Structure formats: structure tokens, C-alpha cells
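A short write-up of the structure that comes next.
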Amino acid sequence: MTVKDQVAVNDQVPVEDRRAVKDRVAVKDRHAANDQVAVTDRLSVEGRHRIDPPTLSSMLERLARAHRIPGAQLVVHHGGRTVSVAFGEQVLGGGRPVRGDTAFPLASLTKPFTAALVMTLVADGEVALDDLVTHHLPGAGPDIAGTVRQILSHTSGLPAALPEDAARTGSARRWAARHANRQAPVAAPGTAFSYSNVGYALAGLVVEEMTGMDWSEALDAILLSPLDLTPAFVGDVRDPRGRSSAGGHVVRGSGRRTLPVAEQGVSVVEAPVGALALSAEETALFARQFLARPGPLLAAETVAEMRRDQLAGVPFGPYGMADGWGLGWARYRDGGPDWYGHDGTGDGISCHLRFEPAEGTVVVLTTNANTGQSLWADLVGCLRAVGFAVPGPGPGVGEPDDDPGPAPEDCLGDYANGDLRYTVSRCGPGLLLGLGGPPQYELSCTGDLRFTMREAGGDPSGGPAFAGRFLRDPGTGRVEYLQVSGRLARRGVTRGTVSR
């Protein structure tokens, strides 16, 4: 697995060298569902933010070509108007153009939809946020701790990833009964933020238990049909309507090779975590339900609770990902009004969403290549230059290099998050990090235990960089945790080794 697959999955955007780009592409006109303004050459986002379709279209094509991305969509909604543009092909060399209505796999951008589904049950009085998950999933076993609120805000202490054998159970209920309680928690519920796919698999199962429908059926009936949206699904989810989605691609060899991905590997158990596929326009329509003047889908109280930061009093927050976390939504603070959003990266795809409720701004990018994360980082800079204060990479990204320093010896050792294993070893004055194997990444640390992580042997002044940190136990003062891309790993028994 690459660093982006293992570490930056659906969360943290890497810092990349910015590349000069040029060219332009034609705008794809389309009338959007549910009173979204049609895109025409005369439409622009007015006021302090000057974005018209040709400008946005040219911006998207320049960045997509620079990052070797076969196809992409970009939507900017502001002041009640929407500009939507598309570029490229659904599958490289396949001849099918990306249009405004092309579905892209959203990967972990599925999670806010699952959170909203649970919140409809809360609004109806069928579920309470502070109910224990086991209250609604008696078959999950007593060792599954945490409340509904905690699984939606990633503070349940559950592991990051489902075990590899989860897909073989063929059923979310069988997985919960047989396997969900076999992975040790990383932290006590409510004491730390640790991004967890396991928690959202359980959230989807709560939906199934309370509605009597499969997660995909409930999603369609409760959230998407009222918005006049027809979903597509990837992986093992049954989809009788058969709407297709763009294929993923992996860019290798410094951009010299772009290889198609056969399919998205999402099991039925993982469906609530990352099986949804929609277009950027459709995803933006969902996000518009969470603006200062919410749409008709959710009650204002529900919208406010999902946006409210749930991490007050939690000692370890989502460092490197966001400044806070609501119920399904990351929260970003950059000196102005708060922004919200989520990212999704899967097998050769990368999608990003941000919205700012006060001014009614929504930005959605969908791409069908693993380099979409780098495009997003560049796009943020372009949008900020024209007046959209879209938050950039997560807090801490790129900061540690400003104050490098030696890492204490007690950072060395083995750390675990479920089945994920991390080994930190020393190499000269620096540190190396291995993920389930030999050292793969170099860590540049600061005196306060933050670090920047880059692929070992790469250019130290370029390439993707990810932020992380070591954390001390408040009681003992000893380094007890490693946090990378919001995933908390707890120290194991074995100490690290020294590399010469």
C-alpha cells in the first residue's frame, strides 16, 4: 500500500509543490435538480467572489492536466447561484466524457450521509445521541463501547479500519455479532478523537436495525429521493438501477503512467463508510441542506447539532485533519467564519467538499485519480486568490519543518490501532516509520513532538507531506500515542529498534 492508501485515506490533504499550469476546457451546461441555477456562459458568482464558468472550467482543466487526472468535476455554489464544470474522461481512453451528471465514487464522503441518516432517527425520537450503541445493536456484544454521538464524532475509541476478514462475513449483522468486539479499543470512549471506519459501519447497522431496510435502501428512501437524486453504489452493494460511476486511476512513476483501477473494493459491511457515488452537483445539493438557511431535508435543530463541535473537553483532537468535528462533518477555523466538510479517497479516486453556512458557499471537487488530493491542495490556493476563503490543508500540515528538533528516545517503539501496526525507529538524528513492515517514511520532528512525514528516500523539499504527532499520557508523562491523519495508535509492548 502507498502512503496515501494507508495514512491519508479520506482525511488529510498533503502539502505538495505547486506547479505552473495552463490551458482551458469547455463548460458542461446542465440544469441541476431542486431549483439549482442552470449553468450558462452568462452566469457568474458575483460580489467579492468573481467566478464565471469559463474561468472555473479553465482552472479545473489546468490543474487536472498538471496532476495527470483523467476526469474531474468542480462545483462552486455561492449567493444562491451554482457554477458547475466538468473535464475529461470517466475512464482513461474509454471515450466516455465526464458530464455534470456523471457519478463519482465518494469514498469516505459517504460518512456525512450516514450521519444524516442516523440524525433523522434522532429527530424522530427513535434513537438518542447519548444511547449506547449496544442498546440498538444487542447482537454486537458487550465489548463494543461508546454512544451514538461518539461513533458519529470519532470519539468512541474504536479502531480505524475493519479487519480484513470482515468482508467475508457477507453481512453487517454477522460481522457485528462475530467480529466487531474482537479489536481492542485505542482509547476509552470520549477521551480522544481517532478516525474510525468501524464506528461508521456500526452507525449504518443502527440505521438498518431501526428502519428494517438495508443501509442503501434507507439512504435512498430517506435522504436522496426527497432531493430527487438517484444514487449509484460501488463495491458489493446491490444496486438494481445500475447507475454507473467513473472509474479510478493510479498515477505512478512521477506522472509518467496512469493505470485504471478495476473496481472499488467496498464490501457490504463497509457500505455506510464509503459505498456511495454521486456527481459533484448532487453532492453540493446535499451540502446545501446544511447552510445558514437549510434546505427542506433536515430540521434546523438537526443541522445545527451536526455542525456543532462535539470535541469540547476531549484532550486529543483531530490534529492534521481539522480544527474540530461535528456529527459527520469536520470543522475548520481559519480566522473567519467556520467552514465544514469532508474528504473521500478510495481506490484511485479523491473527492473533497467544503461549505461555509454564513455566506452560503459550497465547493465540491470530484476526481478519478489518486493525485486528486494534490489537485485539491492547489485548487484551494486558486479559490482563495479570488476571494473564497476555503480552508487549506489540516492544522499542522507543513508546520513542523519550521522548528526541527531531535525526537526523545521514548518516541521509539511499536504502536497499534486495531490491525494497523506502526513501528518507530531511529536513523541517525531522525526517525523512521514503518506501517506493518520495514521503515517506509521519514519523520521530521519538533521539540513539542509534532512531525512531518514524507516517503523515505524522496525529495525532502517536495512530494506529499503529512502531519502527525506523538502524545504523552497525562498521568505518566510517557509518550503513549502516535497520531497520524487523525488515527490514534497506542503503544504496544515491543520497543523500537535503531537503524544504522
Side-chain angles (χ1 to χ4, degrees), residues 10 30-37 39 73-78 80-84 100-123 152 200 203-204 207 215-234 237 243 245-246 271-307 326-331 339-344 346 349 351-357 360-366 390:
N10 55 57
R30 181 176 182 261
H31 287 275
N34 295 275
D35 75 11
Q36 185 174 349
V37 178
V39 178
Q73 300 165 323
L74 176 60
V75 169
V76 176
H77 174 87
H78 180 77
R81 291 184 170 184
T82 300
V83 177
S84 173
D101 61 355
T102 300
F104 278 67
L106 297 182
S108 275
L109 239 174
T110 301
K111 289 185 176 74
F113 291 82
T114 297
L117 264 180
V118 174
M119 291 302 291
T120 64
L121 301 176
V122 172
L152 296 183
Y200 268 78
V207 170
W215 168 83
S216 57
E217 295 171 337
L219 178 71
D220 189 7
I222 297 172
L223 290 186
L224 301 184
S225 287
L227 294 176
D228 197 25
L229 300 180
T230 300
F233 297 100
V234 298
V237 178
R243 182 184 179 187
S245 59
V273 174
L276 180 61
L278 293 172
S279 70
E281 291 178 2
E282 293 165 332
T283 306
L285 179 59
F286 173 72
R288 286 166 53 191
Q289 310 306 305
F290 296 88
L291 299 180
R293 297 177 61 184
L297 183 64
L298 301 167
E301 296 80 5
T302 298
V303 169
E305 186 64 21
M306 290 185 69
R307 295 195 315 233
L327 301 174
W329 293 118
R331 188 172 185 171
W339 285 70
Y340 303 83
H342 210 288
D343 301 320
I349 63 96
C351 301
H352 307 269
L353 182 156
R354 299 290 185 271
F355 66 91
E356 195 272 281
T361 303
V362 178
V363 177
V364 180
L365 171 72
T366 60
V390 183

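All values below come from the heavy atoms of this structure, side chains included, with hydrogens, waters and symmetry mates left out. Just so you know, these numbers come straight off a predicted model, no measurement behind them.
The shortest distance between side-chain heavy atoms of Val207 and Pro272 does not fall below 4.5 Å. In this structure, Leu219 and Phe233 have side chains that are in contact, with non-hydrogen atoms separated by less than 4.5 Å. Contact of the Ser225 side chain with the Asp220 side chain is registered, since non-hydrogen atoms from C-beta on lie closer than 4.5 Å. At least one side-chain heavy atom of Val362 sits under 4.5 Å from a side-chain heavy atom of Leu291. Put simply, the side chain of Glu281 does not reach to within 4.5 Å of the side chain of Thr82, judged on heavy atoms. Between Met119 and Leu298 the shortest side-chain heavy-atom distance does not fall below 4.5 Å. Using a 4.5 Å heavy-atom threshold, the side chains of Leu285 and Asp228 count as separate.
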Check the pair Leu227 / Gln289 against side chain to side chain contact (heavy atoms under 4.5 Å, CB included), numbers first and verdict last. CA-CA 10 Å; Leu227 294 176; Gln289 310 306 305; 3.7 Å; yes
Please report the C-alpha distance between Glu282 and Val75 in whole Å, then the side-chain angles of each, then the deciding distance to 0.1 Å, and finally whether the side chain to side chain contact (heavy atoms under 4.5 Å, CB included) criterion is met. CA-CA 10 Å; Glu282 293 165 332; Val75 169; over 6 Å; no
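With Gln73 contributing its side chain and Ser279 its backbone, the two residues share no donor-acceptor pair below 3.5 Å.
Note that OG1 of Thr302 and CG of Leu327 are 10.0 Å apart. Values are rounded to the nearest 0.5 Å. Here the CG atom belonging to Leu106 is positioned 5.0 Å from the CG atom belonging to Leu278, to the nearest 0.5 angstrom. Rounded to the nearest 0.5 Å, atoms CG (Leu117) and CD1 (Ile222) are 5.5 Å apart. The distance from the OG1 atom of Thr366 to the CG atom of Leu353 is 11.0 Å, given to the nearest 0.5 Å. Between the CG atom of Asp343 and the SG atom of Cys351 there is a distance of 9.5 Å, given to the nearest 0.5 Å.
Of all the heavy atoms in Leu276 and Pro231, the pair that sits closest is CD1-CB, 3.8 Å. The shortest heavy-atom contact between Ala271 and Trp215 is O-CH2, 3.4 Å. Nearest heavy atom pair, residue Lys111 against residue Val273, reads NZ-CG1, 3.3 Å. Nearest approach of Ala275 to Thr110, heavy atoms of both residues: N-OG1, 3.5 Å. Contact detail for Ile349 and Pro105: the closest heavy-atom pair is CD1-O, 3.2 Å. Across all their heavy atoms, Phe290 and Met306 have their closest contact at CE2-SD, 3.5 Å.
Each of His77, Arg354, His78 was compared with Thr361 under the side chain to side chain donor-acceptor pair (under 3.5 Å) criterion, and only His78 meets it.
The salt bridge (Lys or Arg N to Asp or Glu O under 4.0 Å) analysis of residues 295-304, with sequence neighbours excluded, yields no pairs.
The aromatic rings of Phe355 and Tyr340 lie parallel to each other, their planes meeting at an angle below 30°, with 60° marking the opposite boundary.
Ring-centre distance between Phe286 and Phe113: below the 6.0 Å cut-off.
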